[in-house]
Amino acid sequence: MSNGIALRVKGKVQGVGFRPFVWQLAHRFGLLGQVSNDSLGVLVHLTPSPKNALFIEALKEECPPLARIERIEESPYQWEQLPTDFIIVKSGGGEMDTQVVPDATTCQACIDELFDPQNRRYHYPFINCTHCGPRFTIIKKMPYDRPFTSMSEFPFCPECKREYEDPSDRRFHAQPNACPVCGPHIWLADNQGKELVTKEDALTQACEALLAGKIVAVKGIGGFHLVCDARNNESVALLRERKYRPAKPLAVMLTGIDQIKADEHDPDFLPTAIQTLQSTAAPIVLVPKTVTPKLADLIAPGLTEIGVMLPANPLQHLLARGTNIPLVMTSGNASGHTPALSNEEALMQLKDIADLFLMHNREIIQRADDSLVRIEGKQSVMIRRSRGYVPDAISLPEDFGAQPSVLAMGGDLKNVFCLLRQHQAIMGPHLGDLDDLSVRQQLVKSLALFQQIYRFTPKAIAIDAHPNYISHQLGKQFAQEQNISVIEVSHHHAHIVSCLAEHGHTHRQGAVIGIALDGLGFGQDGSLWGGECLLVDYKSSERIGGLPAVAMPGGNLASIQPWRNWFAHLATFSKDWRGSVIAQMIPNHDLQILSKALERGLNSPKASSCGRFFDAVSASLGLAPKEISWEGEAACYLQTAALACHKEKQAEIIERYGHLMPVKNSVLDLGVFWSQWESIKLNVSEKAWLFHYLLAESLGDIALQYADKYQIDTVVLTGGVLNNTLLKRLFKKKLNNKKVLAPKILPAGDGGIALGQALIATHLMQN
């Protein structure tokens, strides 16, 4: 027996070329021993050497591009027989305590090979290496080895096997490694599923079809996309018509970063946008229309921003190079369905939308929608967190001890779940609206996969307190099946705590003032909230003010018909709706019926909803359609109008009308606002800007009042309404003497609340 050391390396260290990196380092320092993967991470065993300390230092400093070391634990190790070399040994099993790696965009070395006619992988749509390619979307279970992925069906050819087994090769233990001889392949089919051509011919004909104005369904890494020429208004109009997507903006894949111009109003924009677009996550990035090439008017009608992306996988690179045009790259789903994952599902869903199908025979195990971010100053802010980011773990604030295992179910819209364990939270992928049966089915399937991958058994389940939420009911059902406790969490408390946790806000930093603005959430008093100022810490939440409750005539109909909210606000606060413009726009009969319903409280639940307030104001300015076709549509048009307000006019607007939203007893007095709103002598963009200013000013006053009362220096801004960049900017200006936190790595909307649910639940469990 001989003494040595064992190094337990924890973090994102599997499927990222970490073992060959260790092997190469060990050989560089002339060390003897071995390295292996298991479910706890990477394990290195070394014989005694004066260079071991240098080796450990180099491990930390020279980490591979996709890897992230969280800690290295050193312990004594007894060798039964001293090794004569340094080797890589087979993976082991055991309890899961490592991180699964998100899918990564194609690296430059693979791109160079992809377009090198002399390379054996020339134009091969599944090229990858240890620094790029699919990871999360092909995993069936841990440890991350080829037999446990969807690549298990493709045995290596001798050349791929040689690369896979050579520690000095860039493809050493790259689990998706493949080539045209042994790997998956593509083919082109018509909308009945009949195969037309395969491989290179399939790619050529798909590109020709796109240039001819056709719509092609393309199977990617985490799902299907619907693709067409982004310059061609007729193609885009046809896609919208077939997909029943009249106005919601469409994402565009550019051919290269050179197609993005500098923003003359924001010098920080271009370098931040380039860094984000070219990151390994390769998300869709929202950019001003002014910085993109000329695109079809129907890409993002009525908005100032367009979501753009760069090719994120080899097939997208081939399409971009083969067409040399910007391409619409939108989710491959029919209206009311989740994006298709299998070839059969795609043909069933998309046969009436797509003219052709570019498909392949590698199974997608886990759905991964394109992630969506916005550039704000020198940072990118998450709007939808999925491909490229999931399932990266989020570390908890430094003074949090090891947490009990809790599953948090998230919300019903933009559903994302969370597994909380030890010192980390693992957020699931963006799934969508749980009203849709197929989304619920994907949630159940995704949860099962995550629990299997992480060998995760919850001790409790955290759910939103709203009794009618599907996530609430599913959580209760899961808890009953597993005989564990279920913990109900207030919606807006969860919003604020998620933001605190992602910013590393510790217990000792104490309570904060939170401004939580969204469409609807179940309040702690049993009523519906959506425009709250709250006093919050990790354990508790207390409402201190906000918007008044207003009826939503027609219940859920008020969420899709903005004029209903305008009418409700007028009927509640000005009383004189008959003398309003609304009486000229909506048939009198309809308004009479609604008026009686409001008086009697029939199907008109009250809510202090900021989202519905935005809808009301947007409708009053003639900006909102009679019925919206996507969530937030009316509010987006209102912000677009407000951003057109000339800066030199703003001081005059404030001086004349800055008093129109007073605060009484910590609640906004909207009677003053609505009694004068229609008679204000300003144009539409000026009135839209004034509304944003008044809202930030009034809610900011409440926040500052209580921050001073309780000697608090931190204010949190969160909730889906805070995706509004103008409102956020006005809040920050108002609160400039406070530390202001807003979500950055998690979405401000319901896609971020699961982390807050889980942390609040653990505090309730411990107390």
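- Between T718 and L517 there is no side-chain heavy-atom pair separated by less than 4.5 Å.
- When atom types are taken as modelled, the side chain of D433 and the backbone of D436 share no donor-acceptor pair closer than 3.5 angstrom.
- Counting heavy atoms from C-beta on, the side chains of W689 and L726 come closer than 4.5 Å.
- Taken to the nearest 0.5 Å, the NZ atom of K606 stands 12.0 Å off from the CG atom of L528.
- Formation of a donor-acceptor pair under 3.5 Å by the E678 side chain with backbone atoms of V581 is found in this model.
- A pairwise comparison of heavy atoms in F450 and G428 identifies CZ-CA, 3.9 Å as the closest pair.
- No side-chain N or O of S675 forms a donor-acceptor pair with one of W677 less than 3.5 Å apart.
- At least one side-chain heavy atom of V381 sits under 4.5 Å from a side-chain heavy atom of K728.
- Taking the six-membered ring for Trp, Y538 and F400 have ring centres closer than 6.0 Å.
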With salt bridge (Lys or Arg N to Asp or Glu O under 4.0 Å) as the criterion, how do D701 and K734 come out once you've worked through the C-alpha distance, each side chain's angles and the decisive distance to 0.1 Å? CA-CA 8 Å; D701 278 336; K734 174 71 175 177; 2.6 Å; yes

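- Side-chain atoms of S395 and Q424 include no donor-acceptor pair closer than 3.5 Å.
- Ion pair E652/K649 flagged as a salt bridge, since at least one NZ, NE, NH1 or NH2 atom sits closer than 4.0 Å to an Asp/Glu carboxylate oxygen.
- Remark: of the listed residues Q509, H505, H507, H507 is the sole one forming a side chain to side chain contact (heavy atoms under 4.5 Å, CB included) with D399.
- Each of Q639, E376, E305, R374 was checked for a side chain to side chain donor-acceptor pair (under 3.5 Å) with T725, and the lone residue meeting it is Q639.
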Practice task
Please report the C-alpha distance between I712 and Y706 in whole Å, then the side-chain angles of each, then the deciding distance to 0.1 Å, and finally whether the side-chain contact (heavy atoms from CB on, under 4.5 Å) criterion is met.
Solution key: CA-CA 8 Å; I712 288 171; Y706 282 91; over 6 Å; no

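- The two residues P553 and A551 have their closest heavy-atom pair at CD-O, 3.3 Å.
- By the 4.5 Å heavy-atom criterion applied to side chains, M661 and F673 are counted as neighbours.
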Problem - L534/E542 under side-chain contact (heavy atoms from CB on, under 4.5 Å): CA gap, chis, key distance, verdict - result: CA-CA 5 Å; L534 301 154; E542 177 191 344; over 6 Å; no

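- Salt-bridge formation is detected for the pair E631/K414: a Lys NZ or Arg NE/NH1/NH2 atom is positioned less than 4.0 Å from an Asp or Glu carboxylate oxygen.
- The shortest distance between side-chain heavy atoms of V672 and F573 does not fall below 4.5 Å.
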Begin from the C-alpha positions of R385 and L746 and carry the test side-chain contact (heavy atoms from CB on, under 4.5 Å) through to its verdict. CA-CA 7 Å; R385 186 176 185 269; L746 290 177; 3.8 Å; yes

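- The backbone N or O of H569 sits nowhere less than 3.5 Å from a side-chain atom of T572 that would complete a donor-acceptor pair.
- Separating the CG atom in N723 from the CG atom in L372 is a distance of 8.5 Å, to the nearest 0.5 Å.
- Within the 4.5 Å cutoff, no side-chain heavy atoms of V684 are placed close to those of K687.
- Using a 4.0 Å cut-off between charged side-chain N and carboxylate O, R440 and D435 make no salt bridge.
- In this structure the side chain of E697 never reaches within 4.5 angstrom of the side chain of H659, judged on heavy atoms.
- A centroid separation of 6.0 Å or more is found between the aromatic rings of H472 and Y469.
- A distance-only check finds a donor-acceptor pair linking the side chain of D412 to the backbone of S471 [under 3.5 Å].
- For the pair N603 and P605, the tightest heavy-atom approach, listed with the atom from each and the gap, is C-CD, 3.5 Å.
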Margin query: Does L591 form a side-chain contact (heavy atoms from CB on, under 4.5 Å) with W563? I'd like the steps, not just the answer.
Written below: CA-CA 10 Å; L591 296 182; W563 63 268; 4.1 Å; yes

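- A donor-acceptor pair is defined here as one N or O able to donate and one able to accept, closer than 3.5 Å; such a pair exists between the side chain of N565 and the backbone of A558.
- Exactly one residue among H495, Q524, R543 makes a side chain to side chain donor-acceptor pair (under 3.5 Å) with E532. That residue is R543.
- The two residues P458 and I484 have their closest heavy-atom pair at O-CD1, 3.6 Å.
- For H763 and D537, the side-chain atoms include no donor-acceptor pair closer than 3.5 Å.
- Remark: the backbone N or O of V486 is not paired with any side-chain donor or acceptor of E488 at under 3.5 angstrom.
- Judged by distance alone, with hydrogens and angles left aside, the side-chain atoms of S604 form a donor-acceptor pair with the main-chain N or O of L602 at under 3.5 Å.
- Taking a 6.0 Å sphere around CG of N556, one finds it holds 12 or fewer heavy atoms contributed by other residues, nucleotides or ligands.
- Separation of atoms SG (C645) and CG (L690) is listed at 9.0 Å; rounding is to 0.5 Å.
- Closest of all the heavy-atom pairs between L420 and F456 is O-CE1, 3.4 Å.
- Residue K664 holds its NZ atom at 11.5 Å from CG of L670, rounded to the nearest 0.5 Å.
- Summarising the local packing, CD of E655 is surrounded by 12 or fewer heavy atoms from other residues, nucleotides or ligands at distances under 6.0 Å.
- Around the CD atom of E648, the shell of radius 6.0 Å holds more than 12 heavy atoms that belong to other residues, nucleotides or ligands.
- Counting only distance, with no hydrogens or angles, the side chain of S618 and the backbone of A634 share a donor-acceptor pair below 3.5 Å.
- Counting heavy atoms from C-beta outward, S698 and P662 have side chains that stay 4.5 Å or more apart.
- At a threshold of 4.0 Å, the pair D708-K738 counts as salt-bridged, since one of the basic side-chain nitrogens sits closer than that to a carboxylate oxygen.
- The CD1 atom of I753 sits 12.0 Å away from the CD1 atom of I496 when rounded to the nearest 0.5 Å.
- Residues A748 and P743 come closest through the heavy atom pair CA-CG, 3.7 Å.
- In terms of modelled atom types and a separation under 3.5 Å, the side chain of N665 and the main chain of V667 share no donor-acceptor contact.
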Handout entry: Audit row: H692, F731, ring-ring contact (aromatic ring centres under 6.0 Å, His included) steps and yes/no
Key = CA-CA 9 Å; H692 284 78; F731 266 125; over 10 Å; no

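- The pair K744-E502 does not meet the salt-bridge criterion, since no charged nitrogen lies less than 4.0 angstrom from a carboxylate oxygen.
- Crowding of E627 atom CD: a count of heavy atoms from other residues, nucleotides or ligands under 6.0 Å exceeding 12.
- In this structure, S541 contributes its side chain and H493 its backbone to no donor-acceptor pair below 3.5 Å.
- Look at R656 and E686 and you find no salt bridge, because none of the NZ, NE, NH1 or NH2 atoms lies under 4.0 Å from a carboxylate O.
- Between the CG atom of L727 and the CG atom of L717 there is a distance of 8.0 Å, given to the nearest 0.5 Å.
- The aromatic ring centroids of Y389 and H430 lie 6.0 Å or more from each other.
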